[in-house]
**Student:** 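This is the structure I have questions about; it appears just below.
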Amino acid sequence: MAESDGKEKIKWTTTIIISSSLKSYEVAAALENRSHKVRYSDSVENGSIIFSLSGVAFLLMDARECFMSAEETFLAKIEKFINIHQNSFLVLFAALHGPEEWKLMFRIQQRFLGSNLRILPVHNTVNAINLMCTIAKITSKSYIDSICYRMITTKAYIIEQSPVWKTLQKIKLSSDTFNPN
């Protein structure tokens, strides 16, 4: 645990279900190295990573593989994935997101417009892991509760210290002294 600004930072860990097809990939090893509880499953969609406690699922696809396969093949895979997972993200890997990759993302967005799919263009494994873990962390119940508590505390502090609020209180107090009702 590292200290920063007098507060202890607690290392966030969770349980992750990873498709067995990703077992030998760098993504799986990187998640295991972050001390997450990683479970492999043959019953989830190939290329998927599920943060079960956060309720988010990620489908990893390489842009080059999409270009090499028939469009309906990878679109069917995406459709099956979003039909299963309510909070779904497509993680689209490409070393460089050039015009072809942006056209691919545009076609996917057009096809799944209005669905619960969000597309995350990433360049490398580190980028993908950081995005997935950040999204999973901020959607986990314990973190959401912490954020809500901090927002309520901050709101109360702002109201308490606000010159506008103090002025309104003075006006109310002065109006109460003149109004006998």
**Student:** Is it the case that over 12 heavy atoms from other parts of the model lie below 6.0 angstrom from the CD atom of Q161?
**Tutor:**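 Enclosed.
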**Student:** Name all residues meeting the side chain to side chain contact (heavy atoms under 4.5 Å, CB included) criterion together with S21; count only those two or more places apart in sequence or in a different chain, and write none if there are none.
**Tutor:** S19, N46
**Student:** Rounded to the nearest 0.5 Å, what's the gap from CD1 on I129 to CD1 on I49? Could you check?
**Tutor:** 6.0 Å
**Student:** Should the pair F58 and F51 be assigned to parallel (<30°), tilted (30 to 60°) or perpendicular (>60°) ring geometry?
**Tutor:**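 Perpendicular, since the angle between the ring planes exceeds 60°.
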**Student:** May I ask you to check whether over 12 heavy atoms, not counting those of F106, lie within 6.0 Å of atom CZ?
**Tutor:** no
**Student:** Test side chain to side chain contact (heavy atoms under 4.5 Å, CB included) on I50 and H85 and set out the steps.
**Tutor:** CA-CA 9 Å; I50 303 163; H85 302 286; 3.4 Å; yes
**Student:** Considering all heavy atoms of both residues, which atom of L117 and which atom of F89 are nearest to each other, and what is their separation?
**Tutor:**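 For L117 versus F89, the nearest heavy atoms are CD1-C, 4.1 Å.
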**Student:** Does atom CZ (F67) have a neighbourhood of more than 12 heavy atoms from anything else shown, all under 6.0 Å?
**Tutor:** yes
**Student:** So which heavy atom on V122 is nearest to which on H97, and how close?
**Tutor:**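 Heavy-atom minimum between the residues: O-NE2, 3.0 Å.
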**Student:** Closest heavy-atom contact between S88 and I82?
**Tutor:**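 Smallest interatomic distance, heavy atoms only, reads OG-CG2, 3.2 Å.
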**Student:** Answer yes or no: does atom CD of E32 have more than 12 heavy-atom neighbours from other residues, nucleotides or ligands under 6.0 Å?
**Tutor:**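 Buried by this count: over 12 neighbours within 6.0 Å.
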**Student:** Would one find more than 12 heavy atoms of other residues, nucleotides or ligands at under 6.0 Å from atom CZ of R111?
**Tutor:** yes
**Student:** What is the minimum heavy-atom distance between V27 and F93, and which atoms define it?
**Tutor:**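 Scanning both residues completely, I find the closest heavy atoms to be CG2-CZ, 4.3 Å.
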**Student:** Rounded at 0.5 Å granularity, tell me how far OG1 in T153 sits from CE in M151.
**Tutor:** 11.0 Å
**Student:** Going from OG on S20 to CZ on R39, what distance comes out if it is rounded to the nearest 0.5 angstrom?
**Tutor:**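 The CZ atom of R39 is 13.0 Å from OG of S20, to the nearest 0.5 Å.
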**Student:** Can you check whether G98's main-chain N or O pairs, donor with acceptor, with E101's side chain at less than 3.5 Å?
**Tutor:**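 Yes.
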